[in-house]
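Protein chains get the first letters and strands the later ones, always in sequence-line order, with residue 1 at the start of each.
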2 protein chains.
Amino acid sequence: MNSIRTTPTLHDVAIQSGVSTATVSRCLNFPEQVSDKTREKVMRAVDALGYSPNFGARVMASQRTNTIGAIIPTMENAVFARGIQAFQEELNAHGYTLLVASSSYRADLEEQQVRSLVARGADALLLIGHDRDPSIYEFLNAQKVPCLVTWAFDASAGRPSVGFDNRLAMHNMAKVVLNHGHRKLALISADVAANDRARARLDGMRDALAEAGLDAGALAVIETPYGIDSGARAFEQLMQAPDRPTAVFCGNDVLAVGAVGKAREMGLGVPDDVSIIGFDDIELARVAYPKLTTVHVPHREMGRRAARALVDTLKTGEPIEPQELAADLRLRESHGPVPKGR
Amino acid sequence: MNSIRTTPTLHDVAIQSGVSTATVSRCLNFPEQVSDKTREKVMRAVDALGYSPNFGARVMASQRTNTIGAIIPTMENAVFARGIQAFQEELNAHGYTLLVASSSYRADLEEQQVRSLVARGADALLLIGHDRDPSIYEFLNAQKVPCLVTWAFDASAGRPSVGFDNRLAMHNMAKVVLNHGHRKLALISADVAANDRARARLDGMRDALAEAGLDAGALAVIETPYGIDSGARAFEQLMQAPDRPTAVFCGNDVLAVGAVGKAREMGLGVPDDVSIIGFDDIELARVAYPKLTTVHVPHREMGRRAARALVDTLKTGEPIEPQELAADLRLRESHGPVPKGR
DNA sequence: TGTCGCAATGTAAGCCTTTACATTCCGGCA
DNA sequence: TGCCGGAATGTAAAGGCTTACATTGCGACA
């Protein structure tokens with residue numbers, strides 16, 4: 001009909017089907033409010049024109065986007081990729097769409113992403129860990145954008161979280177290793193100052209050491225960026241020290257897998273010469289040889305629950321109920337008793 | 001000032017800084033068009049009020065979202081996660097935002113996601129592989145949403161792609177293995193009917209077999225879903241057959257890693273008793289023991305180039321230039337000569 | 001000093017949908 | 001037949017921004 005080919009609008013559909021725009025809108029959003037006859041007529045016009053509603057206009061008129069934003073440190077780590085996948089699936093099931101951004105573990109980038117997601121109309125935000133500039137929380141507050149922290153749990157944070165107790169989980173794992181007789185431990189960790197999960201995990205190890213009556217000297221700590229190669233290098237450095245550890249803990253499985261590979265290169269048996277412990281329990285952990293002893297992070301469950309919590313709060317307006325999940329141990333093949341004579 | 005706390009609008013900023021809304025808008029979008037003095041004044045007001053533009057309104061007024069959509073089969077496979085990460089980084093660098101959806105390898109879900117992304121105003125779309133109902137391409141065409149296929153390259157498809165030749169890559173790999181004397185091959189593949197990449201890879205193997213003068217009987221094919229355990233099960237099934245293959249190709253590294261694990265369980269040496277070949281070259285491949293011989297998929301490069309191509313076409317209006325990338329072989333430790341006596 | 005031209009700024013229309021409120025329709029009941 | 005009430009539908013405003021076009025301001029030049 002129209003010689004100038006342009007994408008059809010609600011108005012076009014209304015004309016084509018001989019009703020008002022309000023009726024067309026209702027057909028699409030509240031079909032039960034419209035008589036069968038009219039609805040059918042309208043739907044035929046929608047199909048005929050290939051109409052699809054304009055998101056921007058809809059957002060503007062209804063004042064909500066049905067979009068939830070999430071900022072993760074990186075998609076490269078499977079543990080985040082999978083957590084976010086579960087998050088997305090649950091969101092979709094409730095009619096919400098996910099907008100993801102990754103911060104590359106950089107606070108400045110993260111802040112920028114928060115603003116960008118809010119500007120794009122995210123109705124709510126999912127963030128990893130509690131640590132960030134208070135001004136960000138103030139901003140979200142002022143914009144009335146609910147925000148949920150995950151991957152960590154802190155009942156005292158004054159803001160809801162759905163996660164697990166990083167400190168306790170690491171504490172438990174360290175206890176197991178200490179019970180195997182190890183007395184010289186090491187930790188290959190992410191940047192402790194900038195990362196509250198890393199800090200909590202380190203604290204967990206210290207808790208276990210203190211409990212066992214050992215002093216801080218029994219723990220060597222190396223901070224390093226994320227990556228297999230970083231893990232390998234850090235491990236090498238540890239093993240070249242005069243007083244090498246008998247058990248090396250890693251802040252995540254990727255670092256641990258790097259350590260395991262380097263151990264093989266160096267001719268060190270795992271766990272016969274050195275125990276290596278991971279954190280996260282991603283696929284990599286089961287694939288590594290030997291299979292990694294690690295802390296299981298319930299990433300999928302966290303993703304699902306976080307999604308539900310956020311959807312609930314948006315629908316009901318009630319504040320989010322914090323939820324603590326368990327992170328249990330997966331004692332596999334990469335840990336063992338202290339080597340003889342050490 | 002305002003007792004009713006509401007998020008500030010352009011208008012509020014305009015009043016606060018004593019200029020018109022147009023000037024504020026220009027300050028934000030084309031700062032060079034505004035005098036230094038005015039810009040400074042406006043920016044102060046923006047900061048003071050904590051203004052951030054309303055996305056919906058902006059979209060509606062400007063008729064573009066600066067958002068590009070991508071639909072991948074799953075975020076769970078690192079090869080997609082990383083490709084998309086690179087895609088996103090490049091997009092961000094050009095001021096675009098990424099909207100991802102995952103289809104779980106299901107055509108019906110994918111179609112739904114295409115519509116949803118377009119409805120949400122995606123200016124362009126990135127899709128994996130060529131195979132899909134023609135009506136989807138018609139829809140995108142009608143909506144004038146440019147779309148780019150990646151992870152595959154087909155100059156004859158009549159639609160642009162940025163990818164590599166799956167068939168040729170697999171052909172090359174199979175040639176190497178055949179040159180090692182293998183005559184009984186197997187392939188653990190994704191669903192061939194529903195997945196053009198899987199089909200191309202299978203065809204590539206057949207090409208190599210034909211070239212070597214072998215008939216179809218020399219190749220056993222098992223189709224299976226994605227996953228480590230699926231790979232393990234398929235491998236077991238192959239090795240229990242009366243006439244077991246001496247080289248097992250896998251449609252991706254995840255399946256291959258499952259196969260390697262099962263081989264170890266079965267007491268089979270890799271590559272002494274059986275060669276196992278992957279595809280993708282994700283981290284897993286280097287971590288597996290033995291290290292996986294595999295086809296390197298240039299996922300990052302594909303992501304980056306796809307992003308650039310899409311941004312270019314949106315900015316210039318020129319059609320997208322197809323680009324073929326190389327997918328070369330990574331001959332590592334999991335392949336070897338045929339076992340003696342076979 | 002008066003003009004010209006360009007840079008800076010202002011005015012107001014338009015983008016498309018949702019939704020509060022108004023109107024119409026229609027069957028049922030007195 | 002007339003009236004009532006609720007369901008169905010219509011009217012029109014509002015939502016915040018961009019941008020074409022109009023206006024103003026100002027320095028340079030004659």
Side-chain angles (χ1 to χ4, degrees), chain A residues 2 4 6-43 45-46 49-67 95 116 118-123 143-144, chain B residues 2 4 6-43 45-46 49-67 95 118-121 123 143-144:
Chain A
N2 226 329
I4 298 152
T6 173
T7 67
T9 71
L10 238 211
H11 186 233
D12 298 331
V13 176
I15 291 179
Q16 168 103 5
S17 51
V19 301
S20 74
T21 58
T23 301
V24 177
S25 174
R26 278 189 284 257
C27 273
L28 266 27
N29 297 300
F30 313 96
E32 71 285 0
Q33 288 180 15
V34 174
S35 75
D36 292 2
K37 211 174 49 174
T38 308
R39 179 155 16 96
E40 203 182 315
K41 202 167 50 180
V42 170
M43 286 318 196
V46 166
L49 294 171
Y51 169 75
S52 88
N54 177 306
F55 177 68
R58 172 175 277 188
V59 166
M60 204 164 101
S62 69
Q63 302 288 47
R64 59 194 131 69
T65 59
N66 282 0
T67 296
S116 152
V118 169
R120 302 184 78 82
D123 291 337
Q143 299 277 331
K144 301 218 207 329
Chain B
N2 225 328
I4 297 150
T6 173
T7 68
T9 71
L10 238 213
H11 187 232
D12 297 331
V13 177
I15 291 179
Q16 169 104 3
S17 51
V19 301
S20 73
T21 58
T23 301
V24 178
S25 174
R26 279 189 283 257
C27 274
L28 266 26
N29 298 300
F30 313 97
E32 72 284 0
Q33 288 182 14
V34 173
S35 76
D36 291 3
K37 212 175 51 178
T38 308
R39 178 154 17 95
E40 202 181 316
K41 201 167 52 181
V42 170
M43 286 318 197
V46 166
L49 294 171
Y51 169 75
S52 88
N54 178 308
F55 177 69
R58 171 175 279 189
V59 166
M60 203 163 101
S62 69
Q63 303 288 54
R64 59 193 132 67
T65 59
N66 281 1
T67 294
V118 169
R120 301 185 80 81
D123 291 337
Q143 300 276 331
K144 301 218 206 332

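- Between the CZ atom of B/Phe30 and the P atom of C/dA8 there is a distance of 15 Å, rounded to whole Å.
- B/Ser25 has a side-chain polar atom (N or O) that falls below the 4.0 Å cut-off from OP1 or OP2 of D/dT18.
- The residue among B/Met60 and B/Leu28 whose nearest nucleotide of DNA chain D is located toward the 5' end is B/Met60.
- Within the nucleic acid shown, A/Phe55 has no heavy atom closer than 4.0 Å to any nucleic acid atom.
- The A/Ala22 side chain lies nearest to C/dT19 when the options are C/dC16, C/dT18, C/dT19.
- Put simply, CG on A/Asn29 is 11 Å from P on C/dT17, counting in whole angstrom units.
- When side chains are defined from C-beta on, B/Asn66 does not count as touching B/Arg58, because their heavy atoms never get closer than 4.5 Å.
- Between B/Ser35 and C/dA7 there is no side-chain N or O to OP1 or OP2 distance below 4.0 Å.
- Listed nucleotides D/dG10, D/dA12, D/dG16 differ in distance to B/Ala57; the shortest reach to its side chain belongs to D/dG16.
- Phosphate contact (OP1/OP2 of C/dT19, side-chain N/O of A/Arg64, threshold under 4.0 Å): present.
- Checking D/dT18, C/dT18, D/dT9 against every side-chain atom of A/Thr38, the shortest atom distance belongs to D/dT9.
- Taking side-chain N and O atoms only, B/Ser62 has no distance below 4.0 Å to OP1 or OP2 of D/dC17.
- For B/Ala61, the listed nucleotide lying nearest its side chain is C/dC15; candidates were C/dT18, D/dG15, C/dC15.
- Sequence order on DNA chain C of the closest nucleotides to B/Lys37 and A/Ser52 puts B/Lys37 first from the 5' end.
- The one candidate from B/Val42, B/Asp12, B/Thr38, B/Val34 that meets the side chain to side chain contact (heavy atoms under 4.5 Å, CB included) condition with B/Val24 is B/Val42.
- Side-chain atoms of A/Ser17 do not come within 3.5 Å of backbone N or O of A/Ala45 as any donor-acceptor pair.
- No donor-acceptor pair closer than 3.5 Å links the side chain of B/Ser25 to the backbone N or O of B/Thr21.
- Within the 4.5 Å cutoff, the side chain of A/Arg26 has no heavy atoms near those of the A/Val19 side chain.
- Under 3.5 Å, the side chain of A/Arg58 and the base of D/dG15 form no donor-acceptor pair of N or O atoms.
- For D/dG15, neither phosphate oxygen OP1 nor OP2 lies less than 4.0 angstrom from any side-chain nitrogen or oxygen of B/Asn54.
- Of the side-chain N and O atoms in A/Tyr51, none sit less than 4.0 angstrom from OP1 or OP2 of C/dC16.
- Using a 4.0 Å heavy-atom cutoff across all strands shown, A/Val34 reaches sugar-phosphate atoms only and no base atom.
- No contact: A/Val59 has no heavy atom under 4.0 Å from any strand.
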